[in-house]
Amino acid sequence: MVMLFPHLPFHPDETPLSWAARSAAFHTGGRLVPFLNDLGIDLWSLKRGEECALARLCSISGQEHAPVARNAVTSLGDRHYALRGERFAAEFLTGPVTRFCPSCLEEDAVGAARPATRWRHRLIWSLSVVRVCPEHQIPLLSHRGGDWDDGAHELQALPWESEALVVGPLTLRQPSPLQDYVVGRLAGASGPAWLDGQGVEQAVRATEMLGAVIAFGAGQKASNMTESMWDEAGRAGWPVMSEGEAAIRTTFMDLLKRSETNPGSMHPKTSYGMLYAWMSASRLTKDPGAIRPLLREHILDTVPLTKGQILLGSPVEAPRVSSVAKIAAGELVHPMTLRNLLADQGAISASDREAPCGHIFLRYDEARPSIRMLKHAVPVSRVPEFLGASRPMVAALLEIGALTRLTGVEAASSKMSKAVDGLEMAAFLERMQVRLPEVAEKPTTMATLAKAAEKGRVKMSVILSMLLQGRLLRACRLAGATGLAAVLVDPQEIKSKLALPRPGMSGELALIILGFDPSRGRRVFCHPKAAPLIASEPYGEDVWVSPAALENFRRKYVTKKRLPLVMGVRPLAIEKLLRERGVKPIWDPREFGAAIYERADLTKV
Amino acid sequence: MSHHAQTARTLEHLRSLHVGSDMDTELTGQLARLLKPDDEGELSPEPIRFTRTNETRGIMVVGGAGSGKSHLVHRALMKFPVLAEGGYGRPRFLECSVPSPATLKSMVLEMLEKSGYGTVSPTRQVWSLVQILRERMRMTGTVVLWIDEAHDLFCADRNLILRALKSLMQGDDAVIVVLSGTEELAQVIRTDPQLQRRFSTVAFAALVPELHGDLFQQIVGDYCQRAGLGAPVEADLVGRVFHGARYRFGRAIELIVRAIEVALHAEASDLTIDHFARAWAMHEGCSADQNVFYVEQYRLLRLDQASEDAPRVSTRRRG
């Protein structure tokens with residue numbers, strides 16, 4: 001092969017195309033394309049950095065191949081390129097726009113008879129993130145001729161004669177740190193670890209997008225951004241992105257706070273603007289990198305979402321924060337019913353009862369028990385059917401607490417008070433099934449629950465509580481029947497159990513022993529606001545108190561009447577001591593009728 | 001060193017010798033006349049412009065086949081330091097011979113290749129090739145364009161080629177054109193008054209025994225001494241050499257070197273006329289009775305009888 005003479009060496013900062021264009025001007029005084037045609041090299045092969053084109057250009061020019069290949073942006077097909085081990089899409093490059101620094105070109109041409117042979121199109125000028133000349137610190141100029149070969153970035157072909165390239169005095173500005181990072185990274189330097197861990201294009205895109213939201217607000221559209229705005233965005237995003245995940249999360253939080261002052265619905269787009277729009281685009285061909293899971297995680301944590309909603313590319317399986325309306329929609333329950341239940345359960349404040357469901361936000365996890373209840377709610381009127389029981393039996397079950405209403409009787413205005421938890425009911429039936437042995441035929445001594453109550457003249461609730469406590473050892477289940485209708489008990493056994501002295505005493509007796517008022521004193525067994533002071537079991541209409549429970553009470557508490565006995569001091573002196581030390585009874589004595597002190601408090605006395 | 005190697009070295013040495021003549025001074029004088037002197041009177045690598053249109057002038061070196069034109073021109077060009085050393089380590093003159101077939105395009109392509117631009121798209125137009133050539137000559141600082149065997153140029157594209165040569169001698173980056181060729185070249189150039197005006201002629205005269213005899217006697221003696229042989233004694237040897245070499249300077253020298261080669265290979269101590277005869281016979285392929293060194297009346301031998309008897313080609317231009 002005939003080598004070109006004289007040798008025009010490749011410069012390590014230029015692109016192979018720039019070198020070819022300089023060679024064309026040098027050897028033929030003409031343009032790039034006819035020169036490449038002479039050499040039998042296809043312009044676009046060279047543009048795509050194809051090995052054969054580079055090798056031919058190098059061997060004809062007598063140039064060492066390695067430095068040229070190092071500066072070649074290689075096409076990987078499908079608008080993707082690679083340079084020095086970094087991969088990126090076409091948008092990372094300037095495409096048909098030729099960027100250049102007039103001062104650099106001026107310096108190139110100093111002392112040259114033919115400037116065209118010296119003008120080098122620097123490799124970094126072909127990166128879209130490079131917008132300021134690092135040497136002269138002036139903004140790079142851009143030119144797009146609209147010709148078919150704009151992509152060759154041939155400086156020699158720019159309309160130098162016309163007015164198009166004439167610019168006023170350029171204002172000095174520093175290259176953005178993002179630009180410095182990219183240039184350094186391509187040169188082999190390492191930067192912030194979090195950015196180095198992802199693709200260079202991902203790092204740039206994420207920084208610019210985040211920076212744009214920081215600098216221009218969430219209302220700014222990416223399509224309306226000018227090059228200088230992108231530069232500004234890169235500068236704004238850099239301090240956050242270079243610090244890594246923690247700083248980015250903090251920034252997300254700031255952006256959220258900033259948008260909360262704006263009226264309007266809580267949509268992530270109102271907080272994160274183009275950053276969110278970019279990453280949630282349906283035609284997203286490029287992986288946005290590590291910022292997407294970060295933002296998704298953050299949105300999940302802070303923004304109300306609907307279950308199943310597509311968030312940044314994948315559906316939300318378990319929203320963490322949501323409005324009552326959205327939870328109801330996702331869970332297929334009525335929003336108002338849910339709202340009332342949530343208020344009853346204390347998941348939302350009672351004042352929210354009047355607020356629109358879309359305006360009440362809460363963490364999804366807090367709503368979950370209520371949702372579960374609501375989904376499995378069974379109306380009380382249907383319970384007999386489910387349990388195979390009569391209505392009095394259901395009433396008795398509710399009375400002894402074997403079944404619970406979804407909400408207290410106080411809130412009976414809502415439907416829920418007329419419903420019970422279905423799961424609890426299923427568990428109840430299950431327990432029966434396991435505990436009671438099955439018999440094929442009804443033994444003659446046994447009777448159904450209703451019959452047993454009638455025969456023994458015992459209240460149904462008493463039988464049921466005995467049954468549930470497992471005290472009726474002979475109880476069994478008739479095959480072929482369901483629920484409580486199948487349960488058979490022995491009336492004799494019930495009778496004997498009731499007659500048999502049990503350790504302990506009835507509640508009434510316990511109150512007398514303790515010296516409490518028989519009616520008001522019942523609070524010690526069942527208090528609407530606090531745990532009972534004395535553990536008890538249902539016993540007909542009354543409760544049954546075991547000796548252990550009474551002993552337990554005595555160990556922890558002492559009544560005022562017993563204080564002189566316990567402390568060995570006269571009652572008046574005790575009165576004084578208590579007043580001086582500020583020891584108060586646990587309940588208001590005027591309301592309760594007696595003063596109960598905790599023993600722990602009395603140690604001070 | 002073996003005998004053969006010694007012989008080869010000796011011959012190599014003899015072939016590289018230059019025999020100075022009046023032609024050297026004439027050509028260098030002509031060339032110096034066309035180069036611009038700088039402020040200190042030294043010649044600069046820039047041609048003198050003769051008219052208002054910045055035209056340069058050229059030199060036509062005319063001589064018969066084998067008269068030593070190429071050697072003479074190359075030596076004359078290399079004698080000028082400003083021409084011998086160019087900006088990129090190559091001489092400032094572009095030497096090329098005429099390709100075959102000689103069209104304008106092939107000619108320009110040949111010149112481009114010689115200038116270091118060897119691969120050219122076949123679809124390039126000639127005008128663009130000429131443009132590149134001019135650009136390259138300007139870029140490499142070429143001052144002289146020398147076309148050897150220029151008589152071969154003049155074929156179908158003759159007018160185009162002449163015009164192209166003319167244009168190369170005009171403009172800001174005009175060059176000095178040196179054409180070397182046979183008498184045919186001089187005839188063609190004469191037909192074009194515009195070209196004729198631009199070219200001065202250096203013509204090789206035929207050897208004349210009376211004028212050049214003594215010189216050649218000396219040359220033979222000198223060459224024999226360098227080869228370690230005794231000089232031949234025959235008195236009419238130079239005349240026979242001249243006749244055998246068709247009275248051409250270059251061919252005569254070449255014949256002497258060939259005779260020395262024969263003598264060296266025969267390991268003779270003296271160079272004799274027999275060596276000349278054998279050398280000549282080897283080259284011409286003639287019988288002994290036609291050998292210019294054996295025949296008594298060598299001047300009567302018509303050496304190129306066949307071509308002279310052939311019907312002459314019409315010199316009239318076709319078309």
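Proteins come first, then strands; the chains are lettered A, B, ... in the order of their sequence lines, and each starts at number 1.
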Atom CZ of Arg114(A) and atom CD of Glu135(B): how far apart are they, to the nearest 0.5 Å? 4.5 Å
In terms of heavy-atom proximity below 4.5 Å to chain A, should Ser115(B) be classed as side chain, backbone, both, or neither? backbone
Residues, nucleotides or ligands: over 12 heavy atoms within 6.0 Å of Glu184(B) CD: no
Going from OG1 on Thr119(B) to CZ on Arg56(A), what distance comes out if it is rounded to the nearest 0.5 angstrom? 6.0 Å
Can you tell me if Trp127(B) has over 12 outside heavy atoms packed within less than 6.0 Å of its CH2? no
So do the side chains of Arg136(B) and Pro6(A) get within less than 4.5 Å of each other, counting heavy atoms only? yes
Applying a strict 4.5 Å limit to non-hydrogen atoms, the region of Arg134(B) in contact with chain A is neither
Point-to-point distance, once rounded to the nearest 0.5 Å, from OG1 of Thr117(A) to CE of Met139(B): 9.0 Å
Atom CG in Leu112(B), atom OG1 in Thr28(A): separation rounded to 0.5 Å? 10.0 Å
To the nearest 0.5 Å, what is the distance between OH on Tyr88(B) and CG on Leu8(A)? 8.0 Å
May I ask you to name which of Ile132(B), Thr140(B), Leu133(B) has the most heavy-atom pairs under 4.5 Å with chain A? Ile132(B)
Please report the C-alpha distance between Asn37(A) and Val120(B) in whole Å, then the side-chain angles of each, then the deciding distance to 0.1 Å, and finally whether the side chain to side chain contact (heavy atoms under 4.5 Å, CB included) criterion is met. CA-CA 8 Å; Asn37(A) 287 344; Val120(B) 177; over 6 Å; no
Rounded to the nearest 0.5 angstrom, the OG-CD1 distance for Ser121(B) and Ile41(A) is 12.5 Å
